[in-house]
Amino acid sequence: MDGEISTDDVSALLESDADVRIVDIRDRTSFERGHIPGSENVPFHELTAKIEDFDGADRIVTVCPHGQASVQAARLIGSYEGSADARVESMAGGLEAWAEAYELAADDGESSERDGRDERGEGKHGTRGNADSSAPF
């Protein structure tokens with residue numbers, strides 16, 4: 001594992017169309033309710049079985065609700081021989097930190113707005129504020 005990455009740095013990577021895989025390790029239901037746009041869902045308990053899916057990746061960022069379990073996931077992925085050349089990081093603060101500043105996407109194609117506001121066209125990931133406790137994670 002190469003350390004932690006901030007939500008702002010993850011957003012910048014996505015905005016720049018960098019070759020990065022955002023791996024959300026929550027269960028499928030939680031992922032479907034709200035996730036980082038462009039992320040993929042590989043539940044933590046499936047990581048070992050799907051570890052070969054990360055062969056050849058240049059950069060991998062793991063994501064969880066609060067930024068704790070994703071550290072373990074990043075260590076697991078980073079220890080895999082096929083990802084030896086990849087930069088593997090955990091997103092600090094998790095989806096809780098992401099949702100304070102950026103949009104979450106839902107599998108129905110809608111953004112997961114918790115404060116009732118519409119997206120204001122502020123870039124690919126739009127900014128947010130005033131989140132309440134009805135977090136989708």
Next item on the list: Evaluate the criterion side-chain contact (heavy atoms from CB on, under 4.5 Å) for residue pair L47 and I77; output intermediate values, then yes/no.
Entry: CA-CA 8 Å; L47 273 177; I77 293 168; 4.1 Å; yes

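Remark: S79 engages no residue in a side-chain hydrogen bond (donor to acceptor under 3.5 Å, both in side chains) (not counting sequence neighbours). A search for salt bridge (Lys or Arg N to Asp or Glu O under 4.0 Å) contacts involving E46 returns R28, K50, not counting sequence neighbours. R75 is linked by a salt bridge (Lys or Arg N to Asp or Glu O under 4.0 Å) to nothing, counting only residues two or more places apart in sequence or in another chain. Taking the side-chain hydrogen bond (donor to acceptor under 3.5 Å, both in side chains) definition, one finds that D2 meets it with nothing, sequence neighbours left out.
Applying the salt bridge (Lys or Arg N to Asp or Glu O under 4.0 Å) definition to pairs two or more places apart or across chains, none involves residues 77-86. Among residue pairs with one or both ends in residues 35-45, those qualifying as salt bridge (Lys or Arg N to Asp or Glu O under 4.0 Å) are R21-E40; sequence neighbours excluded.
A donor-acceptor pair is defined here as one N or O able to donate and one able to accept, closer than 3.5 Å; no such pair exists between the side chain of S30 and the backbone of R26. A donor-acceptor pair is defined here as one N or O able to donate and one able to accept, closer than 3.5 Å; such a pair exists between the side chain of H35 and the backbone of A105. Not one N or O on the side chain of D24 forms a donor-acceptor pair closer than 3.5 Å with the backbone of N41. Panel note: side chain S83, backbone A86; no donor-acceptor pair is recorded below 3.5 Å.
Of the inter-residue distances, the one linking Q72 atom CD with I25 atom CD1 reads 9.0 Å to the nearest 0.5 angstrom. In this structure, CG on L76 lies 5.0 Å from OG1 on T48, to the nearest 0.5 angstrom.
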Identify every side-chain donor-acceptor pair in residues 54-62 under 3.5 Å, counting partners at least two apart or on other chains, and give the distances.
{"residue": "D55", "atom": "OD1", "partner": "Y80", "partner atom": "OH", "Å": "2.9"}
{"residue": "R59", "atom": "NE", "partner": "E89", "partner atom": "OE1", "Å": "2.9"}
{"residue": "R59", "atom": "NH2", "partner": "E89", "partner atom": "OE1", "Å": "3.1"}
{"residue": "R59", "atom": "NH2", "partner": "E89", "partner atom": "OE2", "Å": "3.3"}
{"residue": "T62", "atom": "OG1", "partner": "S70", "partner atom": "O", "Å": "2.7"}
{"residue": "T62", "atom": "OG1", "partner": "E89", "partner atom": "O", "Å": "3.4"}

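The two residues P37 and L14 have their closest heavy-atom pair at O-CD1, 3.9 Å.
Taking 4.5 Å as the limit, some side-chain heavy atom of F31 sits within range of a side-chain heavy atom of S39. Considering only heavy atoms from C-beta on, L13 comes within 4.5 Å of I5 through its side chain. Side-chain contact between I36 and L95 is present, with heavy atoms from C-beta onward closer than 4.5 Å. Looking at V63 and I22, their side chains come closer than 4.5 Å, going by heavy atoms from C-beta outward.
Using a 4.5 Å cut-off between side-chain heavy atoms of Ile, Leu, Val, Met, Phe, Trp and Tyr, V71 falls into a hydrophobic cluster with M1.
Ring geometry, W98 versus Y102: the interplanar angle falls from 30° to 60°, so the pair is classed tilted.
V42 and M91 fall into different hydrophobic clusters, where Ile, Leu, Val, Met, Phe, Trp and Tyr residues are linked whenever their side-chain heavy atoms come under 4.5 Å apart, directly or through other members.
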